[in-house]
> 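Please find one structure pasted underneath; my questions will follow.
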Amino acid sequence: MQTETLIVIPDLHGNPIWKEIVSQKKYRKIVFLGDYFDSRNFNIGIDAELNNFAEILKFREENSDKVIMLCGNHDLHYLSGVFSMSSGYQPEHSEKINAVLQPLYESQILKMTHYDSHTETMFSHAGISRLWFENLFGNELYNPSEMENLINLLFWKHPEVFEYLHSEDDCDLSGESEKEGPCWIRPFSLLQNLLPITQVVGHTQQKVITKIGNVYFTDTLNSGTGTLQL
């Protein structure tokens with residue numbers, strides 16, 4: 001008998017491969033790590049991106065107790081009140097994308113982070129550094145569920161807090177700073193300032209799923225090496 005697992009689906013950028021993944025597995029939970037838009041594949045245009053996202057929403061509606069949708073940097077920049085743009089931003093299609101993302105955000109379905117108590121794992125698009133968290137919430141000891149609630153409530157009230165910070169130590173302007181937040185931080189910086197919890201992230205492409213310390217780096221869909229299951 002196939003065991004039900006948690007399936008992680010990282011950065012899709014319009015890729016419909018998630019349908020193949022979910023059709024082949026038994027799952028108790030599916031976590032999309034964000035970046036639903038801004039395809040780098042010239043064969044995936046805006047109509048394909050929007051259709052793919054509509055299918056994800058339909059799938060979530062049919063499995064609302066099992067599907068978690070997180071926000072990535074390529075989604076954040078289409079939300080109202082956010083002004084920093086990632087590479088790949090599509091100004092000519094921003095109104096169309098905002099029209100499907102904003103209601104998801106306002107209904108608090110689109111989240112910044114998710115904590116799964118079954119696996120004792122925190123999920124976000126790029127990762128949560130201790131420095132970033134303590135700069136916003138202080139160094140009081142919070143349990144992971146409290147951290148999840150604090151971060152999501154801040155996101156739903158002030159999405160601009162999660163914009164790219166342009167930190168002075170981020171020399172190549174890629175998010176390589178321990179001060180960057182869950183949509184932007186890069187692996188090296190995240191690993192320098194870890195929280196004492198297991199994390200699963202996407203955002204930075206990997207050839208294979210990689211675990212370093214207590215962090216799984218899972219953005220592997222372009223390499224065709226499978227998805228993380230917990």
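Any value given below was found using the heavy atoms of this structure, including those in side chains, with hydrogens, waters and symmetry copies removed.
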> State whether the side chain of Thr5 and the backbone N or O of Leu230 hold a donor-acceptor pair below 3.5 Å, judged by distance alone.
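Checked: no pair found.
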> Counting only heavy atoms not in Glu95, do more than 12 sit closer than 6.0 Å to its CD atom?
no
> Decide yes or no for Leu57 and Tyr36: does some side-chain heavy atom of the first lie under 4.5 Å from some side-chain heavy atom of the second?
no
> Around Phe137, counting heavy atoms of other residues, nucleotides and ligands shown, do more than 12 lie under 6.0 Å from its CZ?
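For Phe137, atom CZ is crowded (more than 12 foreign heavy atoms under 6.0 Å).
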> Walk me through whether Val67 and Phe32 qualify under side-chain contact (heavy atoms from CB on, under 4.5 Å).
CA-CA 8 Å; Val67 177; Phe32 289 88; 3.7 Å; yes
> Looking only at the side chains, is there a donor atom on one of Asp75 and His125 sitting less than 3.5 Å from an acceptor on the other?
no
> Could you pull out the closest heavy-atom pair between Ser80 and Gln102, with the gap in Å?
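Shortest heavy-atom contact: N-OE1, 2.9 Å.
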> Can you confirm whether Ile56 sits close enough to Leu12 that some side-chain heavy atom of one is under 4.5 Å from a side-chain heavy atom of the other?
yes
> Can you tell me if Tyr105 uses its side chain to pair, donor with acceptor, with the backbone of Trp156 under 3.5 Å?
yes
> To the nearest 0.5 Å, how far apart are NZ in Lys207 and OG1 in Thr220?
13.5 Å
> Mind checking the CD-CZ spacing from Glu148 to Phe123? Nearest 0.5 Å is all I need.
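Output value for this atom pair is 10.5 Å.
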> Can you name the nearest heavy-atom pair linking Ala126 to Gly181, along with the distance?
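For Ala126 and Gly181, the tightest heavy-atom pair comes out as CB-O, 4.5 Å.
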> Could you go through Phe217 and Thr204, starting from their C-alpha distance and side-chain angles, then the distance that decides it, and tell me whether this counts as side-chain contact (heavy atoms from CB on, under 4.5 Å)?
CA-CA 8 Å; Phe217 298 95; Thr204 301; 5.8 Å; no
> Name the orientation class of the two ring planes belonging to Phe37 and Phe53 (parallel below 30°, tilted from 30 to 60°, perpendicular beyond 60°).
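The rings of Phe37 and Phe53 sit tilted, inter-plane angle from 30° to 60°.
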> Step by step, work out the side chain to side chain donor-acceptor pair (under 3.5 Å) result for Asn193 and Trp132.
CA-CA 9 Å; Asn193 216 287; Trp132 177 86; over 6 Å; no
> At their closest point, which heavy atom of Trp18 faces which heavy atom of Glu55, and how far apart are they?
CH2-O, 3.6 Å
> Are Arg28 and His118 close enough, and set up right, to give a side-chain contact (heavy atoms from CB on, under 4.5 Å), and what steps lead you there?
CA-CA 10 Å; Arg28 62 172 184 86; His118 184 79; 3.3 Å; yes
> Any idea how His77 and His74 line up, ring-wise: parallel (<30°), tilted (30 to 60°), or perpendicular (>60°)?
perpendicular
> Side chains of Thr198 and Thr119: closer than 4.5 Å at any heavy-atom pair?
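No, their side chains stay 4.5 Å or more apart.
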> To the nearest 0.5 Å, what is the distance between CD1 on Ile97 and CG on Asp38?
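Output value for this atom pair is 6.0 Å.
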> Report yes if the side chains of Tyr78 and His93 come closer than 4.5 Å at any heavy-atom pair, otherwise no.
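No; the side chains remain at least 4.5 Å from each other.
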> How about Glu49 and Ile46: do any of their side-chain heavy atoms sit closer than 4.5 Å?
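Yes, close enough: below the 4.5 Å cut-off.
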> Would you compute the distance between atom OG1 of Thr210 and atom CG of Asp219 and round it to the nearest 0.5 angstrom?
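Thr210 OG1 to Asp219 CG: 11.0 Å, rounded to 0.5 Å.
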> Is a side-chain N or O of Tyr115 found less than 3.5 angstrom from the main chain of Asn149, in a donor-acceptor match?
no
> Measure from the side-chain N and O atoms of Glu178 to the backbone N and O of Ser129, and report whether any donor-acceptor pair falls under 3.5 Å.
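Looks like no, no N/O pair under 3.5 Å.
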> Please report the shortest heavy-atom distance between Asn52 and Pro16, naming the atom on each side.
OD1-CA, 3.3 Å
> Can you measure from CG (Asn214) to CG (Leu191) and round to the nearest 0.5 angstrom?
8.5 Å
> Does the side chain of Met122 come within less than 4.5 Å of Leu195's, by heavy atoms?
no
> Any side-chain heavy atom of Ser189 sitting closer than 4.5 Å to one from Lys179?
no
> Evaluate the criterion side-chain contact (heavy atoms from CB on, under 4.5 Å) for residue pair Leu221 and Ile17; output intermediate values, then yes/no.
CA-CA 8 Å; Leu221 291 185; Ile17 194 173; 4.0 Å; yes
> Please determine if Glu180 and Arg186 form a salt bridge, counting it only when a charged side-chain N lies under 4.0 Å from a carboxylate O.
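Salt bridge flag = no for Arg186 with Glu180.
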> Spell out, yes or no, whether Leu131 and Leu136 are grouped together once hydrophobic residues are joined by side-chain heavy atoms under 4.5 Å, including indirect joins.
no
> Under 4.5 Å between side-chain heavy atoms, hopping through other hydrophobics if needed: is there a path connecting Ile185 to Phe188?
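In one cluster: no.
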> Just by modelled atom types, is the Met112 backbone N or O under 3.5 Å from a matching donor or acceptor in the Asn152 side chain?
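The answer is yes, because a donor-acceptor pair under 3.5 Å joins these two groups.
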> Using every non-hydrogen atom in the two residues, find where Phe162 and Leu76 come nearest and quote the distance to one decimal.
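Looks like O-CD2, 3.2 Å.
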> Drop me the distance from Ile44's CD1 to His13's NE2, to the nearest 0.5 angstrom.
10.0 Å
> Mark yes when over 12 heavy atoms from residues, nucleotides or ligands other than Glu106 sit less than 6.0 Å from its CD; otherwise mark no.
yes
> Using atom types as modelled and distance alone, determine if a side-chain donor or acceptor of Asn73 lies under 3.5 Å from a backbone N or O of Trp184.
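Not a single qualifying donor-acceptor pair exists.
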> Would you check if the side chain of Asn51 reaches a backbone N or O of Asp47 as a donor-acceptor pair within less than 3.5 Å?
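Checking the backbone N and O of Asp47 against the side chain of Asn51, a donor-acceptor pair under 3.5 Å is found.
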> Would a single hydrophobic cluster contain both Val82 and Ile109, if residues Ile, Leu, Val, Met, Phe, Trp and Tyr are joined by side-chain heavy-atom contacts under 4.5 Å?
yes
> So among Leu110, Thr113, Leu104, which one has a side-chain contact (heavy atoms from CB on, under 4.5 Å) with Cys71?
Leu110
> Backbone N or O of Leu33 within a donor-acceptor pair of the Asp11 side chain at under 3.5 Å?
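Such a contact is absent between Asp11 side chain and Leu33 backbone.
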> Checking the side chain of Gln229 only, and the main-chain atoms of Thr227 only, is there a donor and an acceptor separated by less than 3.5 Å?
no
> Where the side chain of Asn63 meets the backbone of Phe59, is there a donor-acceptor pair that is under 3.5 Å apart?
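Checked: pair present.
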